[in-house]
K.L.:
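Here it is, the structure in full.
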Amino acid sequence: MCKENCVRTRFAPSPTGFMHVGNLRTALYACLLAHSSKGKFVLRIEDTDQARYVDGAVDVIYATLKAANLIHDEGPDVGGDYGPYIQSERKALYKEYALELVKKGGAYYCFCEKSEEETEGAGNADPADDPCRAIAPEEAEKLAASGKSYVIRQKIDRTGVTTFSDSVFGDITIENKVLDDQILLKSDGMPTYNFANVIDDHLMAITHVVRGSEYLSSTPKYNLLYQAFGWDIPTYVHLPLIMGRNADGEVAKLSKRHGSVSFENLIADGYLAEAIVNYIALLGWSSKSDREIFSFSELEELFSLSGLNKSPAVFDYDKLKWMNAEYIRQLSVEDFASRAKSYAKIEGTPLEENWLKLASLLQQRTELLTEIPEKIAFLLEQPEYTIDMFNNKKSKCTPETAKDILLEMREKFAAMESADAEKITALLTACAEARGVKLGQPMWAVRIALSGTPVTPGGPGEIMELLGMPESMRRIDNALAKL
RNA sequence: GUCUCCAUCGUCUAGAGGCCUAGGACACCGGGUUUUCAUCCCGGCAACACGGGUUCGAAUCCCGUUGGAGAUGCCA
């Protein structure tokens, strides 16, 4: 059991309805960091933006974490000693702290209208110009009590510098004059992300704040808040951004225009959850060995802050695909079959009862589960084909030889009680030997007759097993009619 | 605009002054095995952004330049 000095990390997504892989990676590292030292991994829902509320979004978060094997020790669904873990349920808390900060002189009421200008070149407004800063606290309180709409802003002393240390990026110093009096409490009474984060991370005893590097430049504001409250500053672990490549070759923060960027989209694209997790683990972190395939427990064991990288990483779908293929090949046939079944779209077709056999043929040649339907389409319905397809240079097959072979094999097959891949292959081998040709020739002729496709998972024997004797004979007769 | 960060093959990365004529992986290109395809095996292409220092010695340290990214919301 982890007592006082244990590592506590948190994952604090806002319920948007989908899980961006960048967020998932943040969650992964936070989880690995905690669990690699017997610490606690906390899930907190950041739903302070009511305008963005999406129904069922929290369930997506639970489902994704579960599918990705990121088990949280505390959270809305599993409880814990630091709840509630949903920010909207902590609303009153933030106001208390905001008011406390006002009392301490670290914040002030602001009655200004929402600013809608803020064009380019802005962002440099001197907060000291904010007239509300000058309003006497008693006066401000009175105004607020009278029902006038207000926000509470952080009062930042614009002199001097703030330096902080990040475990990935090292020491960073920022001049306080570039910091603005950010809003802490919105006019609807909800805290802003920045404020709620500080309050909750402190209250939930978070020791390591793991987040994307886009927060690097606002970190001084966080620290000023911690200081104003007299709280300890957590250890920061800022992560390099995950980028995507634009059509014009430029890179930018990975977003929808780059392709599938959410966990659920990637799953829908035919990637395995384990492959996705393994791949994103390597986007910004290295084990410093030549290995790239890691099971989840190996990641938990090997993960360390020192392997974290500073520079942004471009998401490479090709490499993910390769890794996915590696994971697919590692699966047992049964596991592969059950995971691939829904992608294969074979419910209610004759293939359903032979699915395990078909799956065993598919497993070694599938990179994405979504490729399966097109690979097996010919089994359900033979595509149109011309006799030209019987031509094959390598095996020296021509429509003429194919006809000859099919005529011969048709009789042999007809004598069989049922389709048996081994026997069929033996028959074809004998045929090739008798003719003094390579096995490839009769194989080709029969494959085309059965499938009308040059590339098939498995050979003629397997195809006949899958098709069954009657359909196989029908297709061969069909071919013979063409020839 | 301002601030901050980053900078090794096309991409992900190893490299923490000599072990580097820079290693691995993906992708790509050849070749081999194989009943097609795929797998598998072998081989190839391909990088220290640039310029100054420091040092006997720099991909590694320092400075500058250039390039890229992020931030600059009553979004998170």
K.L.:
Between atom CZ in A:Phe294 and atom P in B:U13, what is the gap in whole Å?
P.N.:
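Value for this atom pair: 13 Å.
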K.L.:
With distance as the sole criterion, do the side chain of A:Ser187 and the base of B:C74 form a donor-acceptor contact below 3.5 Å?
P.N.:
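Flag set: donor-acceptor pair detected.
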K.L.:
Whole angstroms only, please: what is the CG-C1' distance between A:Asp47 and B:C75?
P.N.:
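Interatomic distance, CG of A:Asp47 to C1' of B:C75: 13 Å.
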K.L.:
Strictly below 4.0 Å, N to O, side chains only: are A:Arg365 and A:Glu371 in salt-bridge contact?
P.N.:
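So A:Arg365 does not pair with A:Glu371 through a salt bridge.
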K.L.:
Under 6.0 Å between the ring centres of A:Tyr222 and A:Phe164?
P.N.:
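No, the ring centres sit 6.0 Å or more apart.
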K.L.:
According to the Watson-Crick and G-U wobble definitions, with both distances under 3.5 Å, which nucleotide is paired to B:A25?
P.N.:
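WC or wobble partner is B:U11.
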K.L.:
Does the B:A25 base have a donor-acceptor partner in the side chain of A:Lys319 within less than 3.5 Å?
P.N.:
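For A:Lys319, whose side chain was compared with the base of B:A25, there is a donor-acceptor pair (under 3.5 Å).
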K.L.:
Is a salt bridge present between A:Lys221 and A:Asp180, judged by a nitrogen-to-oxygen distance below 4.0 Å?
P.N.:
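Salt bridge: yes.
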K.L.:
Can a salt bridge be assigned to the pair A:Asp201 and A:Arg44 using a cut-off of 4.0 Å between side-chain N and carboxylate O?
P.N.:
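Salt bridge: yes.
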K.L.:
When you check every protein heavy atom under 4.0 Å of nucleotides 58-64 of chain B, what one-letter string (B, S, -) results, 5' to 3'?
P.N.:
-------
K.L.:
Just to be sure I understand the geometry, which residues of residues 362-384 of chain A put a non-hydrogen atom under 4.0 Å away from RNA chain B?
P.N.:
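Going residue by residue through residues 362-384 of chain A, the ones with a heavy atom under 4.0 Å of RNA chain B turn out to be A:Gln364, A:Arg365.
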K.L.:
Using whole Å, report how far CD of A:Glu462 lies from C1' of B:A38.
P.N.:
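After rounding, the reported distance stands at 14 Å.
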K.L.:
Send over the distance from A:Arg329 CZ to B:A38 P, rounded to a whole Å.
P.N.:
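To the nearest whole Å, that distance equals 12 Å.
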K.L.:
Give the residues of residues 311-318 of chain A touching RNA chain B, defined as any heavy atom closer than 4.0 Å, sorted by residue number.
P.N.:
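The stretch gives A:Ser311, A:Pro312, A:Ala313, A:Val314, A:Asp316, A:Asp318 as the residues lying under 4.0 Å from the strand, ordered by number.
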K.L.:
Please work out if A:Gly458 contacts a base, only the sugar-phosphate, or nothing of the nucleic acid, heavy-atom cut-off 4.0 Å.
P.N.:
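Base contact.
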